[in-house]
> 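Quick one: this structure, given as structure tokens, is what I'll be asking you about.
Start at 1 and go down the list; that is how both ligands and their atoms are numbered. Everything quoted here is computed from the prediction, not taken from an experiment. By convention here, the first residue in the shown sequence is residue 1.
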Amino acid sequence: MTRPLLISPSILAADFARLGQEVSDVVDAGAEWVHLDVMDGHFVPNISFGPAVIKALRPHTKAVFDCHLMIAPADPYLAAFAEAGCDIITVHAEAGPHLHRSLQTIRGLGKKAGVSLNPATPLSAIEHVMDDLDLILIMSVNPGFGGQKYIPAMTDKIAKANALIGNRPIDLEVDGGITAATAPLVTGAGANVLVAGSAIYQGKGVDDYRKTVDILRKAAEGGGRA
Ligand code: DX5
Ligand code: ZN
């Protein structure tokens, strides 16, 4: 099954003093989704923003809010992120003992359920929830910070995740170190959603963002899969 290629810029690398404009600019530049990196200073060694900021951003675009929760525990906060306007809520498999319950809670809130795996976590951690999720997010860096280098061993993991998905309607997203050089590797392995933070937001404004989104999309299409 061929899933559509989607670009999901991470606002972690955006100008936090002008986030509303940064979100609408990146969507005007052609991005389909907006990636929201939520960090708690506990599950990852950095703190970013929470549901109040996402709620304030919601009126700035109709684009899909792709929310990546790097928090533990996640369960007590799922309803708050749903109410804030997230469309997809992704939890880490490492963040709690009851992954199946977390995914069911997200779907019960009327949102799409995603699961993310740190580079060190094997795919076997999610084999039991393949019919309970809408998205798999493969971390291609250790989460916590933007601007890190893609871990090459993740290409093979993406290919294995793609095989595990088979014909199920599950998006396969990759996050960390995505550039024009690494985009074709991940789409070649079967990924269809590319998160890019620093690659996009290192530019200044909508014209720069459009150039980078186009470059990433062309490079990704060169990977041949999506
Ligand atoms: C890392 C975050 C990523 C990050 C990606 O913990 O989950 O979404 O912002 O940034 P780049 O594209 O700069 O690697
Ligand atoms: Zn992320």
> Please identify which atoms of ligand 1 are closer than 4.0 Å to at least one heavy atom of H68.
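Result: 7 (O).
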> Search all heavy atoms of E32 against all heavy atoms of I7 and return the closest pair with its distance.
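Result for this residue pair: OE1-N, 2.9 Å.
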> Fit a plane to each ring of Y201 and Y209, take the angle between them on a 0 to 90° scale, and name the class: parallel (under 30°), tilted (30 to 60°) or perpendicular (over 60°).
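Because their plane-to-plane angle is over 60°, the rings of Y201 and Y209 count as perpendicular.
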> Does A113 offer a backbone N or O that forms a donor-acceptor pair with the side chain of D134 under 3.5 Å?
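It does hold such a pair.
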> With heavy atoms of M70 as the reference, note each atom of ligand 1 found under 4.0 Å away.
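Counting from 1, the qualifying ligand atoms are 6 (O), 7 (O).
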> Which atoms of ligand 1 have any heavy atom of V195 under 4.0 Å away?
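Near V195, the atoms of ligand 1 are 8 (O).
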> Taking a cutoff of less than 4.0 Å between a non-hydrogen atom of the residue and any ligand atom, is A199 in contact with ligand 1?
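False for this residue.
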> Of the protein's non-hydrogen atoms, which lies at the shortest distance from atom 13 (O) of ligand 1, and what is that distance?
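Atom 13 (O) of ligand 1 sits closest to the protein heavy atom S198 OG, 2.5 Å.
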> Which atoms of ligand 1 are found less than 4.0 Å from any heavy atom of F145?
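In order of number, 1 (C), 6 (O).
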> Looking at R58, I want to see if its CZ is surrounded by more than 12 non-hydrogen atoms of other residues, nucleotides or ligands under 6.0 Å.
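Counting neighbours around CZ of R58, more than 12 heavy atoms of other residues, nucleotides or ligands fall under 6.0 Å, so yes.
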> Looking at atom 10 (O) of ligand 1, what's its closest protein heavy atom, distance included?
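Here the closest protein heavy atom is G146 CA, 3.6 Å.
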> Of all the atoms in ligand 1, which lie at a distance below 4.0 Å from a heavy atom belonging to G176?
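The atoms of ligand 1 under 4.0 Å from a heavy atom of G176 are 14 (O).
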> Charged N to carboxylate O below 4.0 Å: is that the case for D87 and K112?
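No, D87 and K112 are not salt-bridged.
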> Are K211 and D207 ion-paired here, with the side-chain N under 4.0 Å from a carboxylate O?
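The answer is no: the pair does not qualify as a salt bridge.
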> Do any nitrogen or oxygen atoms of G197 come within less than 3.5 Å of a nitrogen or oxygen of ligand 1?
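Yes - when backbone and side-chain N and O of G197 are compared with those of ligand 1, one distance drops under 3.5 Å.
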> Calculate, to the nearest 0.5 Å, the distance between atoms CG and CG belonging to D25 and L19 respectively.
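With rounding to 0.5 Å, CG (D25) is 11.5 Å from CG (L19).
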> Could you see which bit of S10 sits under 4.0 Å from ligand 1, with heavy atoms only: side chain, backbone, both or neither?
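Side chain only; the backbone of S10 stays clear of ligand 1.
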> Could you go through D214 and R210, starting from their C-alpha distance and side-chain angles, then the distance that decides it, and tell me whether this counts as salt bridge (Lys or Arg N to Asp or Glu O under 4.0 Å)?
CA-CA 6 Å; D214 288 349; R210 187 176 293 112; 5.9 Å; no
> Which atom names give the shortest non-hydrogen contact between V38 and C67, and what distance separates them?
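The answer is CG2-SG, 4.0 Å.
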> Name whichever N, O or S atom of D175 ends up nearest to the Zn ion (ligand 2).
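Sorting the N, O and S atoms of D175 by distance to the Zn ion (ligand 2) puts OD2 first.
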> For ligand 1, which atoms sit closer than 4.0 Å to a heavy atom of D37?
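This gives 2 (C), 3 (C), 4 (C), 7 (O), 8 (O), 9 (O) as the contact atoms.
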> Should we say atom CZ of F49 is surrounded by more than 12 heavy atoms from elsewhere, each under 6.0 Å from it?
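Correct, the count exceeds 12.
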> Could you check which N/O/S atom of D37 is closest to the Zn ion (ligand 2)?
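For D37, the N, O or S atom at the smallest distance from the Zn ion (ligand 2) is OD1.
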> Can you list the ligand 1 atoms lying under 4.0 Å from a non-hydrogen atom of A196?
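This gives 12 (O) as the contact atoms.
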> For atom 6 (O) of ligand 1, which protein heavy atom lies nearest, and how many Å away is it?
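Scanning the protein heavy atoms, the shortest distance from atom 6 (O) of ligand 1 goes to G144 N, 2.7 Å.
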> Are the side chain of D66 and the backbone N or O of I88 linked by a donor-acceptor pair below 3.5 Å?
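No, the answer is negative, given that no donor and acceptor are paired below the 3.5 Å cut-off.
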> Closer than 4.0 angstrom: is that true for some heavy atom of A13 and an atom of ligand 1?
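The answer is no: ligand 1 sits nowhere under 4.0 Å from a heavy atom of A13.
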> Nearest to atom 3 (C) of ligand 1, what protein heavy atom do you find, and at what distance?
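For atom 3 (C) of ligand 1, the nearest protein heavy atom is D175 OD1, 2.8 Å.
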> Counting heavy atoms only, which of G177, S48, P143 is nearest atom 14 (O) of ligand 1?
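Nearest heavy atom to atom 14 (O) of ligand 1 lies in G177.
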> Report the angle formed at the Zn ion (ligand 2) by atom NE2 of H35 and atom ND1 of H68, rounding to the nearest 10°.
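Vertex at the Zn ion (ligand 2): approximately 100°.
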> Report, in ascending order of atom number, the atoms of ligand 1 lying under 4.0 Å from any heavy atom of M39.
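Those atoms are 6 (O).
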> Tell me whether E94 contacts the main-chain N or O of N118 through its side chain, where contact means a donor paired with an acceptor under 3.5 Å.
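Judged by distance alone, yes, a pair lies under 3.5 Å.
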